[in-house]
Amino acid sequence: MNHWLMKSEPESFSIDHLARAPRKTTCWDGVRNYQARNMLRDEVKRGDLAFFYHSNCELPGVVGIVEIVREGYPDHTAFDPEDHHFDPQSDPQNPRWFMVDVKLVRKFPRVVSLRELKEYAGNKLSGFRLLAKGNRLSVMPVSAAHWKFVNSISEAK
DNA sequence: GCCAACGTTGGC
DNA sequence: GCCAACGTTGGC
């Protein structure tokens, strides 16, 4: 089983939106980056767990955990001219963009902020992709050790 | 294949 | 809202 981190801007879709969604499940649409697409299409598997990360907001950080309940399938929002993520170059016969479905496992009792994560960049979280300079990937792998550590500090404080 | 222009991401 | 870092596009 692999671990991931997936970013969302809480103004468009937050962990609380997910908590209120039917069956606490949603499709993770709108990824329009090839590296992230490749992971959603080829590597993210059913049963994998992912950190839900709030980006571009007042307190960026990890806010909870989701489980992958459906593996990569075509992102239909790319076919909809009305959709913000419409991509005329994505052909339904040969889809360019993919998504997965995620289900809420739990919301952390507190936000494990980016600021806090950075404190461990030199030791416990060294090599964590999220902390790499200029990192903009919206889907990224998380090592088992990093996964465990972030979980452990989510309980504390 | 190079690279300038442009668009996006995302922390601050 | 600013802007650095990055990705994509398109002319050549």
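Naming convention: chains lettered A, B, ... in sequence-line order (proteins, then strands); numbering from 1 in each chain.
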*Asks:* Report the residues that fulfil salt bridge (charged side-chain N to carboxylate O under 4.0 Å, His left out) with A:Arg106, sequence neighbours left out, ordered by chain and then residue number.
*Replies:*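 Scan of A:Arg106 (salt bridge (charged side-chain N to carboxylate O under 4.0 Å, His left out), adjacent residues dropped) gives A:Glu155.
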*Asks:* Assign each of A:Lys133 and A:Asn56 to its nearest nucleotide of DNA chain C by heavy atoms, then name whichever residue's nucleotide is nearer the 5' end.
*Replies:* A:Asn56
*Asks:* Provide the start and end nucleotides, 5' to 3', of the part of DNA chain B that has atoms under 4.0 Å from heavy atoms of chain A.
*Replies:*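 With heavy atoms of chain A under 4.0 Å away, the range is B:dG7 to B:dC12.
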*Asks:* Return a table of donor-acceptor pairs under 3.5 angstrom between the side chains of residues 136-145 of chain A and protein atoms on other chains or two or more places apart.
*Replies:*
residue: A:Ser143; atom: OG; partner: A:His146; partner atom: N; Å: 3.1
residue: A:Ser143; atom: OG; partner: A:His146; partner atom: ND1; Å: 3.3

*Asks:* Applying salt bridge (charged side-chain N to carboxylate O under 4.0 Å, His left out), name anything that partners A:Arg115, two or more places apart in sequence or on another chain.
*Replies:*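 A:Arg115 satisfies salt bridge (charged side-chain N to carboxylate O under 4.0 Å, His left out) with no other residue.
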*Asks:* Using salt bridge (charged side-chain N to carboxylate O under 4.0 Å, His left out) as the criterion, list what pairs up with A:Arg37, not counting sequence neighbours.
*Replies:*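 With sequence neighbours excluded, A:Arg37 shows a salt bridge (charged side-chain N to carboxylate O under 4.0 Å, His left out) to no residue whatsoever.
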*Asks:* Can you list everything that forms a salt bridge (charged side-chain N to carboxylate O under 4.0 Å, His left out) with A:Asp87? Sequence neighbours excluded, please.
*Replies:* A:Arg96
